Amino acid sequence: MQVYTPSETCDILPGITRKLLIRLVEEELGISCNEGTFQTSDIYAAECAWICNSVREIVPIRQIDDYTLDISHPFLDTLQQTFKAVRNNLLLK
């Protein structure tokens, strides 16, 4: 499995949640996280997708155009559980 995310050169906000998720994907889950420039057509090849921010945290993407994504994909569950565990641990410190 591989994770793809837009690079900061794509005019996205380099947020705290994004940085934490990249670290979790690579270090906690042992999955390669590739940053780059991608097209909407690249999402059509994805098993699942999400957006993130500090308020809503991880939000699965259900549909883009006429293409439907799996919002109950096991990886999304794993990612959300790992994120919550690390977030809660950081808050307790």
Side-chain angles (χ1 to χ4, degrees):
M1 174 175 274
Q2 299 233 345
V3 171
Y4 296 87
T5 186
S7 72
E8 292 179 8
T9 62
C10 294
D11 201 27
I12 62 169
L13 293 173
I16 296 168
T17 302
R18 179 180 182 274
K19 286 184 182 184
L20 178 57
L21 283 171
I22 290 171
R23 185 179 65 93
L24 291 178
V25 165
E26 294 180 334
E27 296 175 14
E28 299 291 327
L29 302 178
I31 297 171
S32 177
C33 190
N34 302 293
E35 294 185 62
T37 303
F38 307 103
Q39 304 298 317
T40 305
S41 59
D42 294 316
I43 297 174
Y44 299 156
E47 294 179 36
C48 62
W50 69 90
I51 58 173
C52 66
N53 65 43
S54 295
V55 175
R56 303 240 0 242
E57 297 177 345
I58 301 167
V59 180
I61 297 173
R62 179 181 306 273
Q63 186 172 351
I64 295 179
D65 299 328
D66 292 329
Y67 183 74
T68 302
L69 293 142
D70 184 2
I71 63 167
S72 61
H73 193 281
F75 177 74
L76 287 171
D77 291 335
T78 300
L79 184 62
Q80 288 175 323
Q81 289 172 8
T82 304
F83 179 83
K84 286 178 185 177
V86 169
R87 181 201 61 211
N88 291 341
N89 190 31
L90 290 172
L91 292 174
L92 293 174
K93 289 184 177 182

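The structure presented is a predicted model; accordingly, all values stated were derived computationally and were not measured.
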message: Applying a strict under-4.5 Å side-chain criterion to I, L, V, M, F, W and Y, I'd like to know whether Phe83 and Met1 cluster together.
response: yes
message: Nearest 0.5 Å, please: how far is CD in Glu57 from CD in Gln80?
response: 9.0 Å
Non-hydrogen side-chain atoms of Phe75 and Glu47 separated by less than 4.5 Å: no
task: With the side chain counted from C-beta on, respond yes when Pro14 and Ile12 share a heavy-atom pair under 4.5 Å apart, and no when they do not.
output: no
message: Tell me if the CD1 atom of Ile16 is crowded by more than 12 foreign heavy atoms within 6.0 Å.
response: no
message: Among residues at least two apart in sequence or on other chains, which ones pass side-chain contact (heavy atoms from CB on, under 4.5 Å) with Tyr44?
response: Thr40, Ser41, Ile64, Asp65, Tyr67
message: Is there a path of hydrophobic side-chain contacts, each under 4.5 Å between heavy atoms, that joins Ile58 and Val25?
response: yes
query: Parallel, tilted or perpendicular: which describes the rings of Tyr4 and Phe38, with under 30° parallel and over 60° perpendicular?
result: perpendicular
task: Would you check if Ile43 and Leu69 make a side-chain contact, meaning some heavy-atom pair closer than 4.5 Å?
output: yes
- prompt: What heavy-atom pair brings Cys10 and Gly36 nearest, and what distance separates the two atoms?
  reply: SG-O, 3.6 Å
- prompt: In the single-linkage hydrophobic clustering (I, L, V, M, F, W, Y; side-chain heavy atoms under 4.5 Å), do Val3 and Ile61 co-cluster?
  reply: no
Main-chain N/O of Gln39 paired with Asp42 side-chain donor or acceptor, under 3.5 Å: yes
- prompt: If you draw a 6.0 Å radius around CG in Asp11, do more than 12 non-hydrogen atoms from other residues or ligands fall strictly inside?
  reply: no
query: Between Asn89 and Ala85, is there a donor-acceptor pair closer than 3.5 Å when you use the side chain of the first and the backbone of the second?
result: no
query: Within a strict 4.5 Å, meaning less than it, do heavy atoms of the His73 and Pro60 side chains meet?
result: no
task: Assess whether atom CD of Gln2 is packed by more than 12 heavy atoms of other residues, nucleotides or ligands within 6.0 Å.
output: yes
- prompt: So do Arg23 and Val86 actually touch side chain to side chain, heavy atoms under 4.5 Å?
  reply: yes
- request: Using the rule that two of Ile, Leu, Val, Met, Phe, Trp, Tyr join whenever any of their side-chain heavy atoms come within less than 4.5 Å, decide whether Leu24 and Leu29 are in one cluster.
  value: yes
- request: Grab the two heavy atoms, one from Cys33 and one from Thr5, that are nearest each other, plus how far apart they are.
  value: SG-CG2, 3.9 Å
- prompt: Of all residues at least two apart in sequence or in a different chain, which pass the salt bridge (charged side-chain N to carboxylate O under 4.0 Å, His left out) check with Glu26?
  reply: none
query: To the nearest 0.5 Å, what is the distance between CZ (Arg18) and CG (Asn53)?
result: 13.0 Å
Nearest-0.5 Å distance that lies between atom CG in Leu76 and atom CD1 in Ile71: 8.5 Å
query: Hey, what do you get for CG (Leu20) to CZ (Arg87), rounding to the nearest 0.5 Å?
result: 10.0 Å
